[in-house]
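Inspection log for the structure reproduced underneath, given as structure tokens.
Keep in mind that the numbers below use all heavy atoms, side chains included, and drop hydrogens, waters and symmetry copies. Computed from a predicted structure; not experimentally measured. The first residue of the sequence shown is numbered 1, and numbering continues consecutively from there.
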Amino acid sequence: MIFKSVGDSRPYPEHGYLTPKDWAAVAPTQVRLDELVTTKSTLDLAALLAEDSTFFGDLFPHVVQWRGTRYLEDGLHRAVRTALHQRSILHARVLVLEN
């Protein structure tokens with residue numbers, strides 16, 4: 001199994017981090033893929049295969065930790081690419097929300 005679970009929504013409250021500049025304040029850290037719950041159940045194959053998929057966005061996926069669970073908010077294509085390279089850890093920006 002690649003991820004802990006596959007979800008289709010964001011069960012956590014709004015956090016106000018909308019732009020790459022907002023997320024830049026959160027330092028990247030290592031995250032295990034099998035600890036992540038996705039917030040999207042579909043993947044855009046073009047994003048997965050694009051060589052420049054991070055050209056206009058953040059280099060690191062965005063993860064929200066809420067109530068002890070880590071949700072992959074943005075960067076599903078990067079996480080799947082990591083798994084395809086047979087790696088189980090990726091660097092992501094993890095925003096911890098209080099209950």
Side-chain angles (χ1 to χ4, degrees):
M1 175 179 272
I2 296 173
F3 301 109
K4 180 178 179 178
S5 180
V6 176
D8 198 20
S9 65
R10 298 177 181 178
Y12 47 86
E14 275 297 320
H15 49 67
Y17 285 66
L18 303 173
T19 67
K21 184 177 179 181
D22 296 333
W23 280 95
V26 180
T29 187
Q30 290 185 346
V31 176
R32 292 183 50 85
L33 292 176
D34 62 2
E35 295 176 346
L36 296 175
V37 175
T38 68
T39 59
K40 298 174 186 169
S41 61
T42 58
L43 173 67
D44 179 4
L45 190 56
L48 176 65
L49 300 175
E51 290 182 27
D52 63 347
S53 64
T54 60
F55 185 74
F56 293 107
D58 194 348
L59 185 63
F60 302 101
H62 300 161
V63 173
V64 175
Q65 182 173 319
W66 185 59
R67 294 186 174 169
T69 301
R70 290 183 168 185
Y71 297 94
L72 180 62
E73 180 174 282
D74 181 53
L76 179 59
H77 61 290
R78 293 180 198 95
V80 171
R81 193 177 304 139
T82 297
L84 290 173
H85 285 100
Q86 298 183 359
R87 295 189 306 249
S88 60
I89 295 174
L90 78 146
H91 284 84
R93 299 184 190 278
V94 179
L95 176 65
V96 178
L97 296 180
E98 300 299 323
N99 291 341

Rounded to the nearest 0.5 Å, what separation is found between the [atom1] atom of [X] and the [atom2] atom of [Y]?
{"X": "Arg87", "Y": "Thr82", "atom1": "CZ", "atom2": "OG1", "result": "5.0 Å"}
{"X": "Asp22", "Y": "Leu95", "atom1": "CG", "atom2": "CG", "result": "10.0 Å"}
{"X": "Thr29", "Y": "Gln65", "atom1": "OG1", "atom2": "CD", "result": "10.0 Å"}
{"X": "Leu76", "Y": "Ser41", "atom1": "CG", "atom2": "OG", "result": "9.5 Å"}
{"X": "Leu90", "Y": "His85", "atom1": "CG", "atom2": "NE2", "result": "13.0 Å"}
{"X": "Leu43", "Y": "Arg81", "atom1": "CG", "atom2": "CZ", "result": "9.5 Å"}

Spell out, as yes or no, whether a donor-acceptor pair under 3.5 Å connects the side chain of [X] to the backbone of [Y].
{"X": "Thr38", "Y": "Gly7", "result": "yes"}
{"X": "His15", "Y": "Tyr17", "result": "yes"}
{"X": "Arg32", "Y": "Ile89", "result": "no"}

* Asked: Shared ILVMFWY cluster between Val6 and Ile2, side chains joined below 4.5 angstrom?
  -> no

* Group every Ile, Leu, Val, Met, Phe, Trp and Tyr by side-chain heavy-atom contacts under 4.5 Å, then state whether Leu84 and Leu36 land in the same group. =>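 Yes, Leu84 connects to Leu36 through the hydrophobic network.
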
* Mark yes when over 12 heavy atoms from residues, nucleotides or ligands other than Phe3 sit less than 6.0 Å from its CZ; otherwise mark no. =>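 Enclosed.
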
* To do: Decide, yes or no, whether a salt bridge links Glu35 with Lys4 under the criterion of side-chain N to carboxylate O below 4.0 Å.
  =>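 Salt bridge flag = no for Lys4 with Glu35.
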
* To do: Apply the side chain to side chain contact (heavy atoms under 4.5 Å, CB included) test between Pro61 and each candidate in Leu72, Val31, Asp74; give the one that qualifies.
  =>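 Only one option passes, and that is Leu72.
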
* **Heavy-atom side-chain contact between Glu73 and Tyr12 under 4.5 Å** =>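 Yes. Closest side-chain heavy atoms under 4.5 Å.
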
